[in-house]
Amino acid sequence: MASYVLGDSVTQFSTVIGVYLFAMGIGAWVSHMIHHDLCARFVATEIAVALIGGGSGAVLFLAFPRIAWFRVLLYGQVFVVGLLVGLEIPLLMRILQDRYEFKALVSRVLTADYLGALLASLAFPLFLVPKLGLIRGGFVVGMMNALVALGCTYILKDAFRRPRMARWLQVQGWIVFLLLGAGMMGSDAIISFAEAQLYSEPIIYAEQTPYQRLVMTRGRNGFQLYLNGHLQFTSYDEHRYHEALVHPAFAAMAQWREPTKRVLVLGGGDGLAVREIRKYPDVKEIWLVDLDPAVTTLARKNAWLTELNEYAFDDPRLRVINQDAMVWLQQRHQQGLEGQPIPKFDVMIIDFPDPSTYAVGKLYTTRFYQLAKFALSPRGVMVVQATSPLYARLSYWCIYETLMASSLYPSAFHVAVPSFGEWGFFLAAHHRFEPPSELSAHRTPQSQLRYINNAVLRSAFVFAEDMGPVQAEANRLDNQVLVQIYGTEWSRWQ
Amino acid sequence: MESTRRDLLHTFLGASVAGWSGISGCGSYARDPSCEGQFVDPAYGRGHQLQRIGPQGQQQRDHFLRSETRCPAPTNRAEYRTEVLILGGGVSGLSAGWMLRREGVQDIVVLDLEAVPGGTSAGVASGAAGYPWGAHYLPAPQLDQPELVHFLNDAGCVQSFDEEGTPNYREDMRCVMPRERVCLRGMWQPGLVPTMGVAESSLAEVDRFFRRVRGYAGLRGEDARRVFRLPIAACSEDPSYLALDRYTFADWLDREKFNDPVVRWLANYATRDDYGASVEETSAWYGIHYHAARLLGPDIPNPPWLTWPEGNAYLVRHLAAGLGDGSTPEMGRPRFRGGCMVTRIWPSVAEGGSMVEVISEQGVERWWADRVIYALPSFLKPRLLAHSKDTFSLDTSAWMVANIHLHRRPAYMGAETAWDNVIYGSASLGYVVSTHQRGPYAGPTTWTWYLPLVGPDLRKQRRYLMSLTWKEAVEVVMSDLEPVHPDIRQCVRRIDVRRWGHAMPVPKPGVRTSAARVQAAQPQGVVHFAHTDLSGVALFEEAFFHGVRAAREVLVARAGARPVELR
């Protein structure tokens, strides 16, 4: 969950793990100080783990949008659970060693049982990619812990020095168990309440797909789409982004007097880039490759989205392919090598999420651009969404370097999108070229552009001092430097 | 002898799993796996029938041949002739064939017990859905192995060469990031060595260990040769470094005061991974060789690793393709002939050639050849080669390899799935992901899980491995993976298991400096020897080297000159 709510950067989880393991070490050390009444201490610890660990998912979910010091809470909780778990294992071993001196195996197995259950109690709420059952799962694991604690009070009854203590712990155990049970019953309510708190506007749609969590929110200034908590667009300013994504590429083609008949969109399942492409009647085929069928289905059916993308999915020129873009390009490349006729694309629009994980980072590598280059017609142009040259300057120029290393000629441009900030792109072609200075005149007469005009187009290729080129290493499949750079750069803004 | 589940797991996975097995429940016997699968063993049993025949017992052999072929008497033998007969279709035999074909030799036949070539580099090639059964990667060779670079270029692995001729290997055949991750206490973290949750002092020791072993990289002996390099035959013979071969890698770690548990685990992981032997069995010379041989100097970054969905079976396919396209019109027969068990080699017969007796599916065959390249394990030599004076033989370790076909990817905590996924403290080597180059969204995948059976009594380990039922084998695999992927049982579609009885020779102390080892590579009559165990270890580079070397010997002899001594 840490990465879910704080953003899924590669380094995010590592601090959590570090804190957890560190706390376990401290717990183990603390266990030295406990000399008496091991059983009671152990059961009490187990109950505490049940309560804190079991409820941690719900607490974190609820707390995230509300408190500024969320990290303190997150790490605090991780630390406390780690400490308790670290304390518990040595205690248990000592208890069992006294008791089953000649039954080493039994002791080992029991240890493992508890250890597993305890690990799970932290693992499920904290680390698993969010599923619908996430919070409920946390409660369930917590309840199991409480049952283990209760079981111990019965099984190890005579190990307690004071029977009264055992009974008192039993009462505590049952209370925690019932509390967690209540939490579990109400977890659906908690989830929707917590998720609503996570977004600044009310949620109008939420779906968990095998790949990501889709959330749409709506407020006074239009509606928003989030994937895994990352804002994809806000309806009031997305036209700036999507006009910048599409029209400079068509402007370049017009300047080179090249016809644009076949267009490929990689990513961009919301259909908003397609909406812009449809403004060019000469385009005969639009191919859209997006991994997640849930996104393209939503963009085809959801009333808010269809209105915004102007029913782009009803266009007979559009064909939708739900596949990993790199795998798809690879297959075409392979077919090309085998001598099959593979139509190439005049304009390619590469619009992926930011490279925050290795799984997405591979879509920004030399290998990927080489495959993309293969799919590009000899006089065609591609445009690449390339993060922010202001907030993630090194990442942006790393993508530039990667395009260069793939023997493409990139040309950098940027626009201001209020809900994203300063945003960067690259045009890239097989040949060296001057940035386009005039929009294509081949648009349908009734199509209006709301943001880009010739002056804005020309200014987009001008870079201020604080966004200008910096030296960077090319991003390759076998180094994936971009993911690390991006993680570091973006963490400064969180 | 009914073993309990705990005994079973303890035998294979040792203490590491005993501490964890509770998670998967404490059943007294292997559970019914919900998936399907089977053993996909090499022709181990068939090879072992030969063991019952004494090395010299002609009568027994005749009896065996009769029972094996159901022939009334071993008289109606098929007779064949070939110029060069290669025994063994593993990497060394195929490399010899590749080299001979490259030099224009037409009349070659490779015989192998298996139906398909490849030996322990076997794998299933099926485009992106392939998976390995054995060796699965090759550290990209540099210019110090020109023949191998040449071959890799033939096999389509080289993108381009720079001005100095340094190969730039294809990006889609390299191992991609994230390359490794390691699971410590249920949580995955990036890299092979755990850095989180281990003491600062351990990290410092790991660093010292790497600096120490990499310090040998590029180092030269008195004879100006590099102390550690590939092939091993070209390494320095400077006695001050060969002294490392007198004791085990564990002894070396003790001497160097590497007592830190993380360092010991790492060193042991490396020797188990590459040699199928623990630090207690491995010679210190070989232990260091693993870390130092592929680097030209201590500060030079590691070369990229080349890998394919089907593992080194990709390379095998190209080596086999180099033999010819399956059949040669001029000879009217394929150059590779599977399902053939060599039973006897007579190194020199009256006509000046050699005669090899083989049992194939068709019956008993006699192969007459001008030259024979013996590319079989050395331990078979006393049984097969008449009048062999050789005393060289290495113990071999058994491996269990499981291919786990998944219909969805199991959950995990921590770092993203890597190519090589290692479980800290486990007796297994973890698993590799066959589709890692395509990322996590490329559809179903196969994980290949490796377990080298190491220990002082390799024979016992091997017997125990062979006594397993498939269910028990699956239980061993699942018990190793369940603590790090709690829902794995629900994700598995099929598990196939291969038991390699003799997967790798064990490079014990004394192997590097063994005079018998060097002697064993010398031709006997018209029989030349090419097998990776002549280097003491099972490495693609060494197998390739010996194959090419033996082929060169044959080429020299064929050109009419006497065999000259080659490195």
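Letters go in sequence order (proteins before strands), and every chain restarts at 1. Just so it is clear, the values below take in all heavy atoms, side chains as well, and ignore hydrogens, waters and symmetry mates.
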With rounding to the nearest 0.5 angstrom, report the [atom1] to [atom2] distance, [X] to [Y].
X	Y	atom1	atom2	result
Met177(B)	Arg476(A)	CE	CZ	13.0 Å
Met413(B)	Tyr20(A)	CE	OH	8.0 Å
Tyr441(B)	Asp292(A)	OH	CG	9.5 Å
Met326(A)	Asp172(B)	CE	CG	8.0 Å

(message) Quick check for you: among Arg174(B), Arg170(B), Arg179(B), which has the greatest number of heavy-atom pairs under 4.5 Å with chain A?
(response)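 The option with the most such pairs is Arg174(B).
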
(request) Sort out for me which of Pro440(B), Pro178(B), Gly443(B) touches chain A most, counting heavy-atom pairs under 4.5 Å. (result)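 Looking at each option in turn, the highest pair count goes to Pro178(B).
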
(request) Can you establish whether the number of heavy atoms outside Gln340(A) located under 6.0 Å from its atom CD is more than 12? (result)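 Enclosed.
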
(message) With a sphere of 6.0 Å drawn around CZ of Phe22(A), does it hold more than 12 non-hydrogen atoms of other residues, nucleotides or ligands?
(response)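 No - once you tally the heavy atoms of other residues, nucleotides and ligands closer than 6.0 Å, there are 12 at most.
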
(message) Looking at every heavy atom in both Asp478(A) and Pro304(B), which two are closest together, and how far apart are they?
(response)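 In this case the closest contact between Asp478(A) and Pro304(B) is OD2-CB, 4.3 Å.
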
(message) Please evaluate residues Gln480(A) and Val176(B) with respect to the criterion side chain to side chain contact (heavy atoms under 4.5 Å, CB included), reporting the C-alpha separation (whole Å), side-chain torsions for both, the decisive distance (0.1 Å), and the verdict.
(response) CA-CA 8 Å; Gln480(A) 290 241 29; Val176(B) 309; 5.8 Å; no

(message) Heavy-atom cut-off 4.5 Å, strictly under: side chain, backbone, both or neither for Gln323(A) against chain B?
(response)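 Neither part; nothing is under 4.5 Å.
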
(request) Before giving the answer on side chain to side chain contact (heavy atoms under 4.5 Å, CB included), spell out for Lys362(A) and Gln437(B) the whole-Å C-alpha distance, their side-chain angles and the decisive distance to 0.1 Å. (result) CA-CA 9 Å; Lys362(A) 74 179 174 133; Gln437(B) 284 151 325; over 6 Å; no

(message) Treating Glu171(B) as the side-chain partner and Leu477(A) as the backbone partner, does any N or O pair qualify as donor plus acceptor under 3.5 Å?
(response)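 Confirmed, Glu171(B) side chain pairs with Leu477(A) backbone.
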
